[in-house]
Every structure is written in structure tokens, then in C-alpha cells.
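Structure, as C-alpha cells:
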Amino acid sequence: MNVFNAYKDRLLDLLHAMAGDGTLPAGLDLSRVTVEPPRDPAHGDLATNAAMVLARPAGLKPRDLAETLCARLTAEAGVAEAAVAGPGFINLRLVPAVWLGSLRACLRKGERYGDSTLGNSRRVNVEFVSANPTGPMHVGHARGAVVGDVLAGLLEKAGYRVTREYYVNDAGAQVDALARAVHARYRQALGRLSDDALDTLLATKAIEYGGDYLIPVGRVLADEMGDRWVDAPEAEWLPAIRERAVAMMMDLIRDDLAALGIAFDVFTSERALVAAGRVDDTLAFLSDKGLIYTGVLEPPKGKTPEDWEPRPQTLFRATDFGDDVDRPVRKSTGAWTYFAGDMAYHRDKVARGFQDLINVFGADHGGYVKRLQAVVRAVGEDQASLDVKLCQLVKLLDNGEPVKMSKRAGTFVTLREVVDRVGRDVVRFIMLTRKNDAALDFDFAKVTEQSRDNPVWYVQYAHARACSVARHAAEIFPGRDLSPAALADAAVERLEAEEERALIRLLAGWPRVVESAAEAHEPHRVAFYLADVAAAFHGLWTKGKDDVALRFLRPDDETLSLARLALVQGVATVIASGLGVFGVQPVRELR
RNA sequence: GCGCCCGUAGCUCAGCUGGAUAGAGCGUCGCCCUCCGGAGGCGAAGGUCAGGGGUUCGAAUCCCUUCGGGCGCGCCA
């Protein structure tokens, strides 16, 4: 049970009762009432702002209302003490049993500790990665991939039903360019295009994609198709080669994602949407609502493109939904714009029953957010909403030196290289050590360093250390049942040291971290919380180094040892639970 | 020119959707532990939350504005 929620519920019951007996006016807005841990632990275990946010609408003075509430709260079960402080805070101190109970719950639930019903099984669609299917993933994709996957995992833990989705951009000019590059590799594989001639094509940019990863693709096509398309006109081979090439690129990308531990539930093909007439449907739907019209846009102020000329275009009335300008849906060739496809795609998501949409994009797509949100509002009839998480780029460093990357020179770092070098778990964790909208340094040397500076190591070390204590306990107390379930019945009331109590309260905060991080769509909060837990645990361990009385295991006092082992096991459980959200394997020993 | 994101200790960053005296790590300085070094422990200094105005019981957080940085800005995806 989430202690904070439990007491908030009780507080709300109390407020309703007060409204019932006339102490408070009826119909007060209670949505701003919070129950939180106070900033300074000396203030107590819980603090509520209820008196301050309700005083004005109730026509009372904050301190007076606080006094009244305080008196009633003192009578609640588990409340040891309630006091008014500052401008009208009410600080509560709970009897130890409440916190000890949450430690027991943690041990009984194991990694499922922290699971929440906040989401109420509501469905959420998280779209992420969606990299063009033109080659393997590079390191720039890693952050969005991890943030999306972990956000999805976090929402699942918070009780949402999550679909992980990838939008395959297989309909634009990029995949045509891919097909041309593959066709050249196909001719090369058949000995019908010399290496020099290929180099010339690349140098003149007749071919856009020059990576070696296309060589095997050319060979496969040569095997499958023989030489029938060597001299055929482009119009004949392009669709078939494009389809085959895209499929193989998606295999490549799926492998890369698997190396990072990521699997998608749904891949949606842009080309299939277009072919099924979904773009036409969407435009017709919006047109019926008067949201499509022909008009002429103003040139962007201060930065008019050279070739600007006013021309009538088919536009979506995005400004009706908060966008800065109406957006074109059709090119002058008559073809749909990329945006038109995206409109159909997001309508498709809503049609599949999702009202909560999340997209994870690179920061360079920031300019795209408003128009997509406008689309979602327009097609969702105000029932659906879209949140976009923009990920800033990752600076790759090696011992402080920037890793040179240049697509032209072909030295860009692939996702696979990074994963192979430092491991999947390290990549995943590090990507979450910053807010998604802040730039992130990824230093090969630092992320594998064994030091307190390195949060991955520090958190893993705490887990390993906790496991190590458990192993020692098994040696000191042979034959004892030291399973978490058994430890849940240990004499945890013997945990009386202030540091122990503080750690117990910290562990009790895990369900709250899950809920607030899920609500804010901010998985990085979990990383910071785990670092806090690790720090508190390491600190407690270190105290035992100086003072034998504080050591977890005391051969002379089995009851106390088991109580402390319960706390240690609680630490391991919460860390494992948090790493589980990250899709990171907790280690049982460091090597 | 417009829009979005960002600006918090010397450095790297947190700050729980508006709460109490703004925190952590590293670095610096002092002390402890140690044969020495490394690692570790205790403590201290360090802040106009980029500047200014506003909203209210209360602002790093919300609004306006200035400055500074990043990204984007009609047929590319």
C-alpha cells in the first residue's frame, strides 16, 4: 500500500465529513490537496497543504482551518502526532508500525512492489524510434528508443495497458533512394557494376546510401532475382526492390532493437495506410468538418526562402487547434505531403481506441509538435490527446574527448557498436540519467567506471552488496529460512536507528515515485530515486564498518540480524523493481 | 522575424506539476583513518535559481518582458 495515498484518502474522507457537518462549505475543490513527504524530515513523516489551499474558498484563515483539521487528524489510526507549521502546513508523524508495515509489504510483493492501479487499465499508445528504414540504427536513435521503451514500462507498472508502436516511413523519397542504392549493390553483386563506377555514383550523389551494410542486400537480391532487372528501366524494378530492401532494413533494425532489449507490439506502415485509402478518408473526414481549404500562406517572416512564391495550397486548419499556421497536406505534384500521412496515421491510432497518445521524437522535430497535437484534437473530437517527449541529442565521448562522427566519412557510430562495447544495461540506464529534454554526455570511459560518479555502477553495486549480505547471512545462520517471505515476519520493530528508519521511509516512497513519474511521463525520476536508495544503503553499510554494533549481521543477535536483513532485502527488492522498469538486469555480484 | 526547449553552487545536474531555510555528486579547504599512496569517513565554504516586472497566503516552478544558448520555420521525411 502506498502510505501517502492511504493518508490522502483518509484526509479526503475527513474533509468530506467536515463538509457534511457544516464545518466546511459543501462542494469544495479538493483537487489541489496533496499529501507529501516534507522537505525536511525533521518536520515529520507526512505534510499536507490542505488548510492552505482550502482556506480561501472556505472563507477561513489557513491557520484556523489547520488547527481544526489537525485535531481531527490526530484521532486517525496510525497518526502519532499532528502539528500546524509555517503558513498552515499540517505535519503528521506516523507510528513506526505504519512504515514497518510497508517494508513487510515490499518483501511480500517482491519486484511487484510499487505496482499501481493509477492507470486503471487505460490504454496508452507510445510511438518511438520510428527511424527511417534505410539502414541500421545509429547511436542517435538510442536515447529515444530507451526513453520510449522505459516510459512504456513505467506506465505498465502504473497500471496502464501500453502498446509500443513503430511507424515505418516506407512511402517517401528516402526509401526510393534506398531502392536505387540497393539496385546498384545488386548490379555490383552480379559483376555488372564496377567498384569504381559505384564510387562515382556515390560521389555525384546519384546514390545517397553508400554504407557497406547494403552489400549483402545486393547479394540476396542477386540470388533471388537473377539478372532480370540489371538493365530494366527504374520504373519496373523500383517498387519490388524497394519492398524487399525495406523489409531487410526492418529486419536489421529489429535486430538492433533486440540488442537493446526492445520489442515493439505494432509496426504501422505508412505505405499500407496510403494504399488502404486512409489518407483520403482522413482528408474527407476533416473536409466535412470544414477543416480543409485552399489558401495561400504568408512567407515566414524574416527568413523568406529564395524561391518563395505565393501559391494556393490545400491546407489543414491547424490554427483552429492552437498551431501557429495552417499546414499543407498536398504537394504541387498532387501527391500527399508527409504530414497528410501522419494525419491519417494519428487518426488510425485514435480509431484503434487510444485516447492517450505519446510520441517520442528527437529535438529536431520540435517544430512538428503543435501540428500533430492539432491533428489529434481534430480527429479525436477533443477526446484524445497527444504528449510529445522530445529527446535532446547525446554527445558521445571517450575519456572526455568527443567521438568524431561524420556521415560523409562513414564514421558514424552504430547503436550496435555502443551496445557491444558497454553492454545493453549500461546504455539503457545512462540514457535515463537526464531529463529527456536536456542534452546528455555519454562517455565510454565514465559509464563503465567503478565509482560513485557512475550511477549505473553505484546502483548495481548496492544491489550486489545487498545480495552479498544475504549470502553471508545464510552462512552465519544455517538452516534459517531467509526468503523474503520469511523475512517479512522478522522483528523489524527492532530497527530503531534513525538511519534505518529513514531508509525504510525512503523505500516506502517507491510506489509514489512510480505514480508521479508515470503521471509526468518522466522515467528519469526513477533513476534519481534509485541513486538515492543506493546512497542511503551504502551509507548505512559504511556506518557498520566503523561501529560493529551497526553491522547488518550480528552473530550474537539473530533476531536483530534477521530484522536488518529484512531491510537489506527491501533495498534489493526496490532496486530490482526499479531496474525492472528500466529493463535492466540487477546483478547479484560485481566482477 | 515567429514558434518550441533550455539557463539553478567553480563543474555536472536534481528539485516530487505552486510549498517551509533551494539540494546531491565532483572539485576546493579543514580534520579523521592509513607505514605511505589510493580508497574511505566527518565537517566547512560556495547561490540575486540569467536580469526585470506581474499573479497570491507562498514562485526556481505559472504569466509578461529583456539577455544568452539549442532546435525548427510552404511541395524533405
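Residue numbers begin at 1 in each chain, while the letters A, B, ... track the order of the sequences.
- U61(B) sits 11 Å from G19(B) when the C1' atoms are compared, rounded to a whole Å.
- Residue contacts for Gln373(A): at a heavy-atom cut-off of 4.0 Å it reaches no nucleic acid atom on any strand shown.
- Nucleotides C71(B) and G7(B) have their C1' atoms positioned 15 Å apart, rounded to a whole Å.
- Residue contacts shown for Ala520(A) include a base, since a base heavy atom lies under 4.0 Å away.
- Between the side-chain ring of His365(A) and the base of G72(B), no stacking contact exists by the 5.5 Å and 30° definition.
- Phe528(A) comes within 4.0 angstrom of the backbone, heavy atoms only, and of no base.
- At a threshold of 4.0 angstrom between heavy atoms, the contacts of Lys61(A) with the nucleic acid are absent.
- Rounded to whole Å, the separation between the C1' atoms of U17(B) and C76(B) comes to 37 Å.
- Distance, Glu449(A) CD to U12(B) C1': 14 Å, rounded to whole Å.
- Look at the C1' atom in both G3(B) and C29(B): the space between them is 48 Å, to the nearest Å.
- With its glycosidic angle more than 90° from 0, U65(B) adopts the anti conformation.
- Remark: the separation of the P atoms in C16(B) and G53(B) is 25 Å, to the nearest Å.
- One P atom belongs to C2(B), the other to U65(B), and the distance between them is 10 Å to the nearest Å.
- Outside the 6.0 Å centre-distance limit, the rings of Phe429(A) and Tyr458(A) are not counted as a close aromatic pair.
- Ala85(A) comes within 4.0 angstrom of a base, heavy atoms only.
- Residue-level contact check: Gly366(A) touches neither bases nor backbone, having no heavy atom under 4.0 Å from any strand.
- Within 4.0 Å (heavy atoms only), Asn132(A) reaches sugar-phosphate atoms of the nucleic acid but no base atom.
- Remark: the separation of the P atoms in C67(B) and G30(B) is 45 Å, to the nearest Å.
- Thr34(A) approaches Asn49(A) most closely through the heavy-atom pair N-OD1, 2.9 Å.
- For the pair Arg327(A) and Phe339(A), the cation does not sit on the ring face, since its NZ or CZ is not both under 6.0 Å from the ring centre and inside 45° of the axis.
- Taking 4.0 angstrom as the limit, Arg525(A) places none of its side-chain polar atoms (N or O) nearer than this to OP1 or OP2 of C16(B).
- Of the side-chain N and O atoms in Lys331(A), one or more sit less than 4.0 angstrom from OP1 or OP2 of A77(B).
- Residue contacts shown for Pro328(A) are limited to sugar-phosphate atoms, with no base heavy atom under 4.0 Å away.
- Figure legend: cation-pi geometry between Arg371(A) and Phe316(A) absent, as NZ or CZ is not positioned both under 6.0 Å from the six-membered ring centre and within 45° of its axis.
- Here the shortest heavy-atom pairing between Ile292(A) and Ser287(A) reads CG1-N, 3.7 Å.
- Within the 4.0 angstrom heavy-atom criterion, base atoms lie near Asn91(A).
- Pairing each heavy atom of Leu503(A) with each of Ala536(A), the nearest pair is CD1-CB, 3.8 Å.
- Between His524(A) and G15(B), a side-chain N or O to OP1/OP2 separation shorter than 4.0 Å is present.
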